[in-house]
Undergrad: 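One structure, as structure tokens, below. Some questions next.
Just so we're on the same page: letters track the sequence lines, and every chain starts at 1.
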Amino acid sequence: MTAPRNVPQKPALEGLEAKWDEIWEADGTYRFDRTATRDQVYSIDTPPPTVSGSLHVGHIFSYTHTDTLARFHRMRGKQVYYPMGWDDNGLPTERRVQNYFGVRCDPSLPYDPDFQPPDEPGKDQLPISRRNFVELCVQLTATDEQAFEELWRRLGLSIDWSLTYATIDERSRRASQRAFLRNLARGEAYQSEAPSLWDVTFRTAVAQAELEDRERPGAYHRLAFHLSDGADLPIDTTRPELLAACVAVVAHPDDQRYQPLFGQTITTPLFKAAVPMVAHTLADPEKGTGAAMICTFGDTTDVTWWRELNLPVRAIVDRGGRIVADAPEGIDPAPYAEIAGRTIHGAQQRTVELLKESGELIGEPRAITHPVKFFEKGQRPLEIVTSRQWYIRNGGRDPALRDALIERGRKLDWVPEHMRVRYENWVGGLNGDWLISRQRFFGVPFPIWYPLDADGQPDYDHPVAADEASLPVDPSSETPSGYTEDQRDQPGGFTADPDVMDTWATSSLSPQIACYWEDDPDLFERTFPMDLRPQAHEIIRTWLFATVTRAHFEHGGLPWSTAAISGWVLDPDRKKMSKSKGNVVTPMDTLETFGADALRYWASSGRPGTDTAFEEGQMKVGRRLAVKILNASRFVLGQEPAADAQPTETLDRALLSRLADLIDDATAAFDKGDYARALEGTETSFWSFTDDYLELVKNRAYGGRGGPAGESARYTLETALTAYLKLFAPFLPYVTEEVWSWWQQGSVHRSGWPVGAELRAAAGDVNPEAAAVAADALREIRRIKSDAKVRLATTVTTATVTDTAERLAILEQVADDVADAGRCRELLTAVGPELSVTAELETETAA
RNA sequence: GGGCGCGUAGCUCAGAUGGCAAGAGCGCUUCCCUUACAAGGAAGAGGCCGGGGGUUCGAGUCCCUCCGCGCCCACCA
């Protein structure tokens with residue numbers, strides 16, 4: 001039955017990664033068997049890493065967690081559907097291409113088929129056509145993806161590499177456009193011209209989920225507004241440059257100071273605009289003077305006031321963050337000419353100067369620090385600009401939908417459980433629908449055209465959608481049905497929607513993309529909804545929520561049953577590791593230094609959802625464990641049990657019994673997603689196996705006493721080793737596979753997960769305490785030798801073990817093994833209150 | 001301002017439904033080349049379990065409160 005044994009003399013970890021990566025690939029060890037039915041499948045919605053981002057140990061950390069679960073379920077007999085995606089779509093790639101090649105996209109330029117990027121990026125970015133730009137994006141991401149794949153393979157992720165996708169590839173674009181068209185047809189997607197948050201650097205709209213607050217220095221400026229009776233109304237503002245955009249003054253309806261003013265007309269300083277005094281509960285009597293100017297638009301509260309109070313628009317900031325050239329209606333154009341064309345900053349300086357000159361600045365500006373909204377990837381504060389954008393409903397303005405989506409979150413299994421709260425917080429706090437259009441270039445285009453009227457104006461109310469069968473389409477180069485290409489951008493013809501979808505609009509469909517939604521209905525049937533979504537906690541509000549929303553609309557259910565949220569890797573100062581902080585360790589270097597198994601050991605010791613310190617000490621421990629497995633295995637496999645060997649000795653059966661408990665514990669932990677607990681238990685047990693059990697049976701196993709007792713030891717050693725290798729396999733795939741190959745056929749990763757009941761049956765009726773009693777006695781004998789500062793091999797002429805009668809009865813059954821391991825010629829016992837050992841050591845003869 | 005999480009040996013962390021006379025590894029001390037392993041092995045020292053109250057026969061584990069740290073969210077006048 002067993003293969004010939006091939007145990008190396010001097011086993012080592014070096015070279016195992018390259019060797020087994022190649023064999024696993026050649027043997028298709030992790031290949032998905034698509035004949036499996038849904039109940040036999042465990043499918044994983046792997047996070048597609050942003051390939052333009054840098055690789056860091058945080059990736060190793062969380063992807064290892066997922067891989068341990070994948071390997072566990074595979075060993076339990078599931079067909080694991082474990083694809084890998086690349087998120088190459090979107091702004092990070094654009095930015096990287098700009099910097100890497102020194103180019104920028106100018107959509108007005110024609111395509112140059114012979115274009116070659118400069119060898120070195122020049123001082124000024126070279127303008128190139130959109131198509132040339134996108135080609136560079138594709139070229140660069142291909143390189144990035146290779147680096148990621150190399151890392152993942154080296155790390156030993158058991159991914160089926162035949163199942164990769166990229167968020168910009170044809171299948172993703174098709175799924176993304178198809179899902180959008182269906183959202184549109186069902187009324188879940190819509191277009192609206194409305195004020196929205198706008199990044200003036202990237203010149204694109206951004207979504208609520210992509211905002212972050214940053215503390216910024218600012219200053220309160222107290223401005224003198226004028227009442228009709230000539231009195232002044234002081235108002236504080238941090239944005240005096242928006243004075244020209246002021247459309248009203250607001251105060252809280254209950255604010256006694258302003259009761260008489262509500263409904264009156266106020267004159268703004270400098271620009272002399274007549275604006276109404278209005279009341280709204282969002283006005284905070286505690287802030288500033290209690291009265292605030294409403295501008296179109298200084299912040300999101302302005303938008304709320306503007307909408308709810310039906311105020312006019314007086315927009316002055318353009319899409320590049322400058323003051324527009326022409327003064328809005330109703331204000332004095334003379335001072336406006338002084339700020340027109342300036343940047344926000346310049347306009348603020350000039351406005352303040354003018355206010356000082358006119359005497360309408362009261363006192364000096366008072367410096368403060370306040371939170372300002374930024375695009376998370378941006379460098380300049382967001383402005384609010386009115387533009388036409390696509391939205392997908394997400395409950396932000398529909399309580400029934402919001403409740404339905406919160407309910408979906410409650411049906412999801414969260415690991416750890418408390419992460420659910422973040423989801424509910426976010427969904428509960430939404431204040432608008434999901435803005436998915438971006439005024440960018442490298443992304444999935446909207447599959448939409450607009451008819452042009454006789455004047456060449458687009459009819460946005462009657463968009464022409466692409467046919468599903470034609471997807472994916474690029475509306476800027478393909479023609480809608482019913483038109484000819486020469487009608488493009490001609491009066492009476494058509495024009496393409498110029499925007500692309502935000503990257504989350506595509507990655508929110510990762511389960512559908514990964515499972516070949518509509519492209520391969522048979523495969524989809526076998527894999528969707530998926531079992532596991534592993535991801536980081538900071539993107540619960542984006543990726544997780546958006547994915548739930550899309551599946552809610554498209555499938556009326558959850559996209560997966562479990563969400564496993566990983567923590568962060570912290571540097572020793574307890575700060576999140578990130579590139580900007582300059583404390584990132586290159587993962588490939590770390591892999592070279594410690595080895596994949598060691599790194600995986602460190603990663604696996606981080607509890608689900610818990611932030612974990614980057615600690616080289618743990619990696620050294622992992623490496624030592626791997627080496628220990630090699631050496632202990634070499635010892636165990638040095639002798640072969642007879643085919644009919646049975647565990648007859650008490651010590652052996654006690655070991656098997658404890659091993660059965662370990663297997664049950666590890667299995668239960670894994671079932672709950674707690675890989676770390678499974679590892680910890682296995683590791684603790686394994687060290688006691690090598691330190692105690694191995695020493696106790698060494699002599700017996702190698703024929704010291706001969707007969708069935710030796711067979712029992714050899715049988716038990718091999719049975720235990722087999723179980724340990726399987727238990728360790730999800731964590732240390734390389735060393736376990738290597739040892740497995742010394743005497744077994746096939747891959748340990750395709751061998752079954754151990755079953756506690758089988759070992760328990762083999763152990764029979766035994767007191768598992770026997771293993772501990774033997775180990776305790778041996779430890780006491782070692783202590784005596786250690787205290788006497790003699791070699792552990794020193795012979796004991798007579799040892800006397802004192803212990804309770806109960807424990808001595810157990811010791812009786814394992815006494816020969818204890819005597820062997822302790823090198824005791826004679827082992828006596830005496831009843832006493834607790835364990836103690838005395839021993840007479842044989843005098844060392846001089847060498 | 002609201003919410004979540006964390007605070008256990010010098011360091012990194014375990015301690016599931018309360019029973020612990022408090023654990024692991026690293027580091028530290030002492031000893032040992034024992035025929036699986038000296039990039040090893042054996043033995044050992046080291047904690048008012050953040051502070052204060054409470055519930056209980058019994059609390060690191062439950063409740064209250066305070067302190068410190070981290071994160072998420074919040075309408076930026």
Undergrad: In plain terms, say whether A/Arg677 and A/Asp665 are close enough for a salt bridge, that is, a side-chain N and a carboxylate O under 4.0 Å apart.
TA: no
Undergrad: Whom does B/U61 pair with, Watson-Crick or G-U wobble, provided both distances fall under 3.5 Å?
TA: none
Undergrad: Can you tell me the distance, in whole Å, between the NZ atom of A/Lys620 and the C1' atom of B/G27?
TA: 11 Å
Undergrad: Hey, are A/His370 and A/Glu215 close enough side-chain-wise for a donor-acceptor pair under 3.5 Å?
TA: no
Undergrad: Closer to the 5' end of RNA chain B via nearest nucleotide, is it A/His418 or A/Arg239?
TA: A/His418
Undergrad: A/Trp198 side chain to A/Val385 main-chain N or O, any donor-acceptor pair under 3.5 Å?
TA: no
Undergrad: Nearest-Å distance, CH2 (A/Trp305) to C1' (B/C75)?
TA: 7 Å
Undergrad: For B/C4, give its Watson-Crick or G-U wobble partner with both distances under 3.5 Å, or none.
TA: B/G70
Undergrad: Whole-Å distance between B/A45 C1' and A/Asp787 CG?
TA: 13 Å
Undergrad: If we call it a pair only when both distances are under 3.5 Å in a Watson-Crick or G-U wobble match, what pairs with B/G23?
TA: B/C13
Undergrad: With distance as the sole criterion, do the side chain of A/Lys628 and the base of B/C37 form a donor-acceptor contact below 3.5 Å?
TA: yes
Undergrad: Does B/A42 have a Watson-Crick or wobble partner in any strand here, with both distances under 3.5 angstrom, and which is it?
TA: B/U30
Undergrad: Does A/Arg624 place a side-chain N or O at less than 4.0 Å from the phosphate oxygens OP1/OP2 of B/G41?
TA: yes
Undergrad: Provide the Watson-Crick or G-U wobble partner of B/G18, both distances under 3.5 Å; none if there is no partner.
TA: none
Undergrad: Calculate the interatomic distance between A/Met619 atom CE and B/A39 atom P; express it in whole Å.
TA: 22 Å
Undergrad: Find the distance A/Phe594:CZ to B/A39:P and express it as a whole number of Å.
TA: 17 Å
Undergrad: Between A/Glu360 and A/His226, does any side-chain donor sit less than 3.5 Å from a side-chain acceptor?
TA: yes
Undergrad: Side chain of A/Thr300 only, please: which of B/U34, B/C75, B/U12 is the nearest?
TA: B/C75
Undergrad: Which listed nucleotide (B/C75, B/G15, B/C31) is nearest to the side chain of A/Lys789?
TA: B/C31
Undergrad: How many whole angstroms separate atom CZ of A/Arg214 from atom P of B/C76?
TA: 17 Å
Undergrad: How many whole angstroms separate atom CD1 of A/Ile629 from atom C1' of B/G40?
TA: 16 Å
